[in-house]
Amino acid sequence: MAEKVVITVLGKDRVGIVAEISGVLYQNNVNILDINQKVMGEEIFAMTMLVDISLSKVSFAELKEQLEKKGEEMELKVMAQHEDIFKFMHRI
Amino acid sequence: MTLEFSSEEILETVEMIEAFNLDVRTVTMGINLQDCARSDAKKTGEKIRGKIIQLAAHLRQDAKDIELKYGIPIVNVRIAVTPVANLLGKASLDAFLYLAQVLDSAAAEMDIDFLGGYSALVQKGFTPAERALIDSIPSALSQTERVCASVNVASTKAGINMDAVALMGKIIKETAHLTAERDGIGCAKLVVFANAVEDNPFMAGAFHGPGEPEAVINVGVSGPGVIRNVLERMDGASLGEVAEAIKKAAFKITRVGEMVGRELSKKLGVTFGILDISLAPTPTVGDSVAEILEKIGIGKVGGPGSTAALAMLNDAVKKGGAFASSYVGGLSGAFIPVSEDAGMARAAAEGWLTLEKLEAMTSVCSVGLDMIAIPGDTTPETISAIIADEMAIGVINCKTTGVRIIPAPNKGPGDWVTFGGLLGEAPVLPIKGGSADEFIKRGGRIPAPLQGLNN
């Protein structure tokens, strides 16, 4: 059964954000179900991804740590949260 | 496959957490300790320790796991226990002090931030055990770190136990005295209540009431920063529109608490009790109930309009929250502590927010006179009279009110007290008016009002 997690990436736009973040996911066998990105204002980059971690090689905690580390390297804020928080907040 | 939520919705949630301090203030496990009562303090202590460690063994770790899974901070993990006054057959001051130490060390061992329930319910009178527990409060709070005490001295059904009110004036003074080197911080862990609730997750007033099950998880959410931000975009909107916006934001905040409560209770195999939909501020700038009132249009909190704006805020939060949770309980409303809210502390320092105005504001929101520093030379009788006023508001309006007041040792109006952490800092407020010594010395019980005769 799919275990869905939402990944949010925020920060200054630059080349390679999607590639780098997707790279971390690929290395850990995490499947991307959907991806949405936009550049707000002049150069603020915002990306939201829905991924399935059910076949991930690493635990959610480890994946989250890797993503946050990648974010730090690229000066981006990267968050990974189980999808239920969005369901609870935005769907009745 | 498409996203089940828009990226706007995702970013809204993320922004609430990252930029506007959305968090779950506390998950509080209520634990029944009645079966631990023995005639001997040592044996009772052993039972208490065993039970807390058994039931709360995974509480901290499970809360951490939920934080990680959803990316939502859980600020405090707490325990509330059966009022300790009911746990000793042979009660003495030393016996209760021993239990306070047992509770404090069990809480430390379980990595629990605060443990509430060093309490007595004496609205109609004291048992010898309750009297001994109350007498032990100053020493207990000065000798422990995590233990919180509360005393219910009034209810709409029983009236106001003025002997207890008089006693609490002395107990508060003594507690401040014994913790004088830390600005009287012991008083920050002591609440005097009217109509105390049995399932409150917030400190210092949490205890596990006699009507509660064996163990229960109660959750308190926070989120003043989120509400304030929503109002940023509402310049010129009518008050009806403002109330609607607050309701919607309160719904979203509450849903997060509901989710955390359900999941934690499932993990622990413990009943999910209630969600307390209070707006609990922190000393962080922006996470302030005072700043919400300013956004609504009150120039200086404490000035004219403050009570009406707070009443509207409190009501809108309840309406939004009530729909978001299956079981709402606890205190559920807006808190207006002074030291724990940077905006309130500022308004108090500038002279806009006075003790008298705070008292008026407590008639339309939850809790009461909360985290207010008063001059260290205030007499016990005056403190008791302040308590009596606040109890009367609770009793007559059929609501919970509390007094958590700090007579700051060796400090006077204009000086500041600093407690640090979530307890924050505040200026010492002056007290106006003459003596009520004769009123307090009369003692006895103010009879239950007609409001209590509703059967």
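By the neighbour-count criterion of 12 heavy atoms within 6.0 Å, atom CD of B/Glu232 is densely surrounded, having more than that number from other residues, nucleotides or ligands. Other residues, nucleotides and ligands place no more than 12 heavy atoms under 6.0 Å from the CD atom of A/Glu65.
Contact between B/Ser7 and A/Lys38 at its shortest, heavy atoms only, is OG-NZ, 4.2 Å. Between B/Leu68 and A/Phe60, the closest heavy-atom pair is O-CE2, 3.4 Å. Considering every non-hydrogen atom in both B/Arg255 and A/Met89, the closest pair reads CB-CA, 4.1 Å.
Rounding to the nearest 0.5 Å places CD1 of B/Ile10 at 6.0 Å from OG1 of A/Thr8.
With a 4.5 Å cut-off on non-hydrogen atoms, A/Lys87 touches chain B through its backbone and its side chain both. With a threshold of 4.5 angstrom between heavy atoms, B/Leu22 approaches chain A through side-chain atoms but not through N, CA, C or O. Using a 4.5 Å cut-off between heavy atoms, A/Ala61 contacts chain B through both its backbone and its side chain. Of the two parts of A/Gln37, neither the backbone nor the side chain holds a non-hydrogen atom closer than 4.5 Å to a non-hydrogen atom of chain B. Neither the backbone nor the side chain of B/Glu263 comes within contact range of chain A; no heavy atom of the residue lies under 4.5 Å from a heavy atom of that chain. Contacts of A/Met79 with chain B are made by side-chain atoms alone, with heavy-atom separations under 4.5 Å and no backbone atom involved.
Inter-residue side-chain proximity for B/Ile17 and A/Ile85 is flagged as met; some heavy-atom pair is nearer than 4.5 Å. The shortest side-chain heavy-atom distance between B/Lys69 and A/Gln81 does not fall under the 4.5 Å cut-off.
Taking the six-membered ring where tryptophan is involved, the planes of A/Phe86 and B/Phe5 are tilted, since the angle between them lies from 30° to 60°.
Heavy-atom pairs under 4.5 Å with chain B were tallied for A/Asp84, A/Val5, A/Leu10; the largest tally goes to A/Asp84. Interface remark: of the candidates B/Phe251, B/Phe323, B/Tyr70, B/Tyr70 forms the most heavy-atom pairs closer than 4.5 Å to chain A.
A donor-acceptor contact shorter than 3.5 Å links the side chain of A/His90 to the backbone of B/Glu9.
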Between A/Phe88 and B/Glu258, does a side chain to side chain contact (heavy atoms under 4.5 Å, CB included) hold up when you go through it step by step? CA-CA 8 Å; A/Phe88 259 83; B/Glu258 174 81 4; 4.1 Å; yes
